[in-house]
Amino acid sequence: QLQVAESGGGSVQVGGSLRLSCVASGYTYVSRCMGWFRQAPGKARGALASISYVDGTTYYADSVKGRFTISQDSAKNTVYLQMDSLKPEDTGMYYCAAHLLAECDRISWEREHEYHYWGQGTQVTVPS
């Protein structure tokens, strides 16, 4: 059973930065595609970014392209989401998810149902 755990959330002023971390543990097989999602208050959960384990190729939703950066430290089984120039609309619960079988370009990385394991989420608040 894989465990996925996010950390690094908090409250930050407009224009500030945060770095979220996601650690995947408890499974001998590596996660092929890791994704970050966000659920804003009163809205459905939506995809932000993903990264392929093998070559580190990254993918971004248009809403965060240029402001958010996803990266990984394979030795630590950790994926990061660096968030810069934060806006009030970035407020929400941030989730990390793991897909075990294929790289991100072989799945619909933006779709929740593609992922096998999810973390509990970490809250990010950007007061207006």
Side-chain angles (χ1 to χ4, degrees):
Q1 181 86 8
L2 183 72
Q3 287 86 42
V4 179
E6 308 92 340
S7 63
S11 183
V12 61
Q13 62 185 6
V14 174
S17 298
L18 275 178
R19 188 177 80 157
L20 307 182
S21 299
C22 170
V23 178
S25 62
Y27 198 70
T28 56
Y29 194 77
V30 298
S31 302
R32 292 296 176 186
C33 178
M34 297 292 293
W36 281 100
F37 288 73
R38 176 175 67 204
Q39 186 165 23
K43 295 186 178 180
R45 189 158 57 184
L48 299 176
S50 69
I51 186 166
S52 288
Y53 173 80
V54 171
D55 60 7
T57 302
T58 57
Y59 304 85
Y60 295 94
D62 288 342
S63 60
V64 301
K65 201 173 293 184
R67 296 191 301 123
F68 290 11
T69 303
I70 189 171
S71 62
Q72 65 184 356
D73 184 335
S74 301
K76 296 181 179 179
N77 291 326
T78 301
V79 173
Y80 304 98
L81 186 67
Q82 175 68 40
M83 306 186 295
D84 300 315
S85 302
L86 283 163
K87 307 174 182 180
E89 51 263 45
D90 293 317
T91 294
M93 188 68 79
Y94 284 67
Y95 296 91
C96 181
H99 176 92
L100 301 182
L101 303 178
E103 300 299 312
C104 299
D105 63 340
R106 295 300 185 100
I107 65 171
S108 298
W109 70 268
E110 309 94 330
R111 301 198 173 197
E112 292 185 51
H113 73 265
E114 293 280 16
Y115 295 86
H116 302 102
Y117 293 96
W118 290 80
Q120 294 298 309
T122 186
Q123 177 69 35
V124 172
T125 303
V126 188
S128 56

_Cys104 versus Trp109, closest heavy-atom pair with distance_ = O-CB, 4.2 Å
*asked:* Checking the side chain of Gln72 only, and the main-chain atoms of Ile51 only, is there a donor and an acceptor separated by less than 3.5 Å?
replied: no
*Could you give all pairs that pass the ring-ring contact (aromatic ring centres under 6.0 Å, His included) test and reach residues 69-99, with sequence neighbours left out?*
His99-His116
*Tell me, do Leu48 and Leu81 make a side-chain contact under 4.5 Å, heavy atoms counted?*
yes
*So if you build clusters from Ile, Leu, Val, Met, Phe, Trp, Tyr with side-chain heavy-atom gaps below 4.5 Å, do Tyr117 and Phe37 land together?*
no
*Nearest 0.5 Å please: distance from the CZ atom of Arg106 over to the OG atom of Ser52.*
10.0 Å
*asked:* Can you give me the closest heavy-atom contact between Ser21 and Thr78, atom names plus distance?
replied: CB-CG2, 4.4 Å
*Under the side chain to side chain donor-acceptor pair (under 3.5 Å) rule, collect the residues that match up with Lys65, sequence neighbours excluded.*
Asp62
*Please walk me through it: do Trp36 and Phe68 pass ring pair (Phe, Tyr, Trp, His ring centres under 6.0 Å)?*
CA-CA 11 Å; Trp36 281 100; Phe68 290 11; 9.8 Å; no
*asked:* As an exercise, state the distance from OH of Tyr53 to CG of Asn77, rounded to the nearest 0.5 Å.
replied: 7.0 Å
*Within-4.5 Å side-chain heavy-atom neighbours: Val12 and Ser17*: no
*Could you give the distance from NZ (Lys87) to OG (Ser128), rounded to the nearest 0.5 Å?*
14.0 Å
*Do Leu18 and Tyr60 sit in the same hydrophobic cluster, where Ile, Leu, Val, Met, Phe, Trp and Tyr count as joined when their side-chain heavy atoms come under 4.5 Å apart?*
yes
*Report the C-alpha distance between Tyr59 and Cys33 in whole Å, list the side-chain angles of each, state the deciding distance to 0.1 Å, and finish with yes or no for side chain to side chain contact (heavy atoms under 4.5 Å, CB included).*
CA-CA 11 Å; Tyr59 304 85; Cys33 178; over 6 Å; no
*Of all the heavy-atom pairs spanning Leu86 and Arg67, show the shortest one and how long it is.*
CA-NH1, 3.9 Å
_Which heavy atom of Ala98 sits nearest to which heavy atom of Met34, and what is that distance?_
CB-SD, 3.5 Å
*Specify the closest pair of heavy atoms between Gln123 and Thr91, including all atoms of both residues, with the distance to one decimal.*
NE2-CG2, 4.1 Å
*Do Val124 and Val4 belong to the same hydrophobic cluster, where Ile, Leu, Val, Met, Phe, Trp and Tyr are linked whenever their side-chain heavy atoms lie under 4.5 Å apart, directly or via other members?*
no
_Keeping Glu114 on the side-chain end and Ser108 on the backbone end, is there a donor-acceptor pair under 3.5 Å?_
yes
*About how many Å separate CD of Gln13 and OG1 of Thr125, when rounded to the nearest 0.5 Å?*
14.0 Å
*To the nearest 0.5 Å, tell me how far Leu20 CG sits from Ile70 CD1.*
10.5 Å
*asked:* Do Leu101 and Trp118 sit in one hydrophobic cluster, given that two such residues count as connected whenever their side-chain heavy atoms are within less than 4.5 Å of each other, even indirectly?
replied: no
_Rounded distance (nearest 0.5 Å) linking atom CZ of Arg38 with atom CE of Met83_ = 8.5 Å
*Do you know which two heavy atoms are closest between Ala47 and Ala61, and how far apart they sit?*
O-CB, 3.4 Å
_Treating Glu6 as the side-chain partner and Gln120 as the backbone partner, does any N or O pair qualify as donor plus acceptor under 3.5 Å?_
yes
